[in-house]
Amino acid sequence: MSFPLLTATAVVPAVGAIATAAVPAARRTAAKWLALLFSLATLALAITAVVRFDPDGDRYQLTESHSWIKDFGVRYELGVDGIAVSLIALTALLLPFIILAGWHDADPSPSSQLRSSRGGPIETKAPYKWRPTQGFFALILAVEAMVIISFEATDVFLFYIFFEAMLIPMYFLIGGFGDRAHAGSDENASAQRSYAAVKFLLYNLVGGLIMLAAVIGLHVVAGNFSVQEIAAARADGSLDMATNTERLLFLGFFFAFAVKAPLWPLHTWLPNAMGEATAPVAVLITAVVDKVGTFAMLRFCLQLFPEASKWATPVILVLALISIIYGALLAVGQRDIKRLVAYASISHFGFIILGIFAMTSQGQSGATLYMVNHGLSTAALMLVAGFLISRRGSRLIADYGGVQKVAPVLAGTFLVGGLATLSLPGLAPFVSEFLVLVGAFARYPAVGIIATLGIVLAALYTLVLYQRTMTGPVKPELAKMPDLRVRELVVVAPLIALLIGLGVYPKPVADLVNPAVEHTMSDVHKTDPKPEVEAAK
């Protein structure tokens with residue numbers, strides 16, 4: 001047997017979660033380093049998977065298949081295409097930065113520790129009523145493991161289990177480890193975190209329950225859960241679904257993915273969750289977990305239900321357009337930095353879904369690149385915003401001003417992250433957003449034209465945010481604000497470098513995803529529209 005690389009990539013962070021949770025309570029620093037070590041080991045395995053993946057080879061590679069629940073036809077079946085391996089690499093890349101950025105987020109607050117006569121905290125093995133550091137990092141690693149195996153699963157039932165299971169650690173990360181920079185009393189902050197966590201859980205559970213009904217229906221119709229077998233049977237005509245059956249199954253799957261994505265009007269959990277979570281957990285939500293929704297639209301909706309996907313395209317394009325404009329407009333009016341980034345992400349997910357359902361190779365290539373590039377740009381902007389918020393203790397834009405004069409490196413990295421968010425040429429998101437718009441315009445010109453308004457609004461909310469926080473006179477409370485420290489620079493600098501590098505030279509990622517996009521276009525029996533060229537006189 002060859003080494004089960006995909007299994008190892010998911011198992012290593014899961015083992016890391018268990019090992020980190022088992023570290024004694026007084027050994028907080030050891031738990032942090034252990035979590036970081038396991039995240040780096042996962043990254044090494046993900047890089048190995050990328051290196052071993054052949055873009056010109058079979059559609060699904062590094063495959064593993066073992067009988068699991070034989071009576072129900074459930075198999076432990078894994079495999080990756082170019083899109084999946086790119087998103088696994090993104091997830092594994094971001095996790096060490098998330099852990100480093102949240103290095104002190106779960107430390108006990110000074111008011112909750114016993115203190116010595118000299119004022120310093122007393123290290124002790126006794127439990128206290130503060131957020132356990134070990135639990136915080138263990139939950140982050142657990143989410144990583146579940147997200148990675150969701151990208152790898154080619155058995156629908158296996159995918160569903162981890163698609164739902166990741167909600168549990170995310171619920172505790174939002175509700176139990178919320179942002180300390182909260183206006184109002186501790187009781188009010190706790191209530192807001194609980195509300196955000198419950199809303200996140202309920203929305204996604206409802207979507208998951210509807211999907212479960214569709215998963216059962218798919219098994220009744222197809223007789224198994226294997227994506228590859230069902231897609232092959234559909235392609236050769238041996239599995240012919242009734243039109244209404246296919247449409248109902250498609251809607252069951254798409255609804256769950258649209259909640260996760262999140263697509264308007266199923267998006268309202270995201271601003272609450274990102275606003276109340278710590279900045280690293282907010283990045284985990286929107287740059288990692290939410291990508292499972294858009295990825296699953298490509299792998300399951302388009303591949304298993306091609307005719308229903310084309311049938312639903314007009315409505316989905318309208319919803320994507322609303323997400324783009326609505327999210328951007330609400331971002332313009334935000335007073336809270338983190339909620340602004342959340343609404344901006346809703347707008348960006350609208351672009352991703354627009355590219356997927358434009359049914360053109362440019363649109364789908366742009367959408368898959370956008371998933372990777374949005375993860376990098378949102379991570380850069382949100383993590384720098386988290387460093388800023390931790391210094392001032394406030395998420396309100398009005399509490400800042402003149403930061404670039406006292407912390408120029410922080411302000412500069414914040415600007416680059418913001419410019420990437422508005423898709424400035426030369427930074428990674430520009431390429432993907434350009435391809436999405438070109439792909440949309442080629443088949444739906446009116447949709448492409450309306451979507452460009454999102455670019456204008458993105459420039460508005462990004463530049464206004466920078467102007468209000470970083471420029472102008474220095475507020476007295478910020479006069480002694482420190483610049484980025486070494487640990488924070490280690491987090492931000494690689495992300496900035498990747499945003500610039502992939503903006504100038506996106507070919508490595510494009511070469512990975514383009515063959516997978518061609519397969520998806522073949523699944524839905526679509527070809528790119530030919531440009532209408534006026535005949536020469």
Side-chain angles (χ1 to χ4, degrees), residues 83 254 258 261 263-264 294 297-298 301-302 306 309-329 331 344-374 377 419-462 502-503 506-507 509-510 513-536:
I83 300 170
F254 181 79
L263 179 68
W264 185 93
T294 48
M297 292 178 188
L298 285 164
C301 290
L302 269 61
S309 297
K310 290 185 283 188
W311 162 75
T313 289
V315 174
I316 295 172
L317 291 179
V318 171
L319 296 178
L321 278 180
I322 294 174
S323 290
I324 292 169
I325 307 304
Y326 172 85
L329 283 173
S345 291
I346 291 170
S347 182
H348 296 149
F349 275 102
F351 276 108
I352 294 171
I353 295 170
L354 173 63
I356 292 172
F357 285 90
M359 301 293 184
T360 60
S361 58
Q362 300 99 327
Q364 291 191 357
S365 293
T368 52
L369 284 172
Y370 215 138
M371 292 185 218
V372 175
N373 295 333
H374 172 263
S377 61
L419 293 177
T421 298
L422 65 82
S423 299
L424 183 77
L427 297 175
F430 169 76
V431 179
S432 44
E433 194 165 285
F434 178 78
L435 286 173
V436 166
L437 291 173
V438 169
F441 188 85
R443 197 177 295 278
Y444 306 100
V447 171
I449 292 170
I450 296 171
T452 56
L453 181 58
I455 301 175
V456 179
L457 293 172
L460 180 60
Y461 62 68
T462 300
L502 292 177
K507 189 175 184 296
V509 182
V513 303
N514 284 339
V517 167
E518 292 175 5
H519 285 297
T520 304
M521 291 287 290
S522 176
D523 290 335
V524 293
H525 308 294
K526 284 283 190 178
T527 56
D528 291 331
K530 295 181 179 180
E532 297 180 4
V533 181
E534 185 177 354

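In this chain, residues are counted from 1 in sequence order. This is a predicted model, so every value here is computed, not measured.
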- Message: Could you check whether any side-chain N or O of S309 sits under 3.5 Å from a backbone N or O of C301, counting only pairs where one atom can act as donor and the other as acceptor?
- Response: yes
- Task: Check whether any side-chain heavy atom of L354 lies under 4.5 Å from a side-chain heavy atom of Y444, and answer yes or no.
- Result: no
- Is there a donor-acceptor pair closer than 3.5 Å between any side-chain N or O of S377 and the backbone N or O of H374? yes
- Item | Where N373 and A428 come nearest, the two heavy atoms and their spacing | ND2-O, 3.1 Å
- Flag, side chain of S522 to backbone of E518, donor-acceptor distance under 3.5 Å: no
- Message: For a 4.5 angstrom cut-off between non-hydrogen side-chain atoms, does M297 reach I352?
- Response: no
- Query: Can you check side-chain contact (heavy atoms from CB on, under 4.5 Å) on L319 and F357, steps first, answer last?
  - Reply: CA-CA 11 Å; L319 296 178; F357 285 90; over 6 Å; no
- Message: For the backbone of N514 and the side chain of S365, can you confirm whether one donor and one acceptor N or O come within less than 3.5 Å of each other?
- Response: no
- Item | Closest heavy-atom pair and its distance - I356, T294 | CD1-O, 3.6 Å
- Query: What is the minimum heavy-atom distance between Y461 and A331, and which atoms define it?
  - Reply: CD2-CB, 3.6 Å
- Any chance you could measure W264, atom CH2, to L321, atom CG, to the nearest 0.5 Å? 11.5 Å
- Check: I324 and F351 side chains under 4.5 Å, non-hydrogen atoms: yes
- Message: Please check this pair: side chain of T360 against backbone of G439, looking for a donor-acceptor N/O pair closer than 3.5 Å.
- Response: yes
- Query: Between H348 and Y370, is there a donor-acceptor pair closer than 3.5 Å when you use the side chain of the first and the backbone of the second?
  - Reply: no
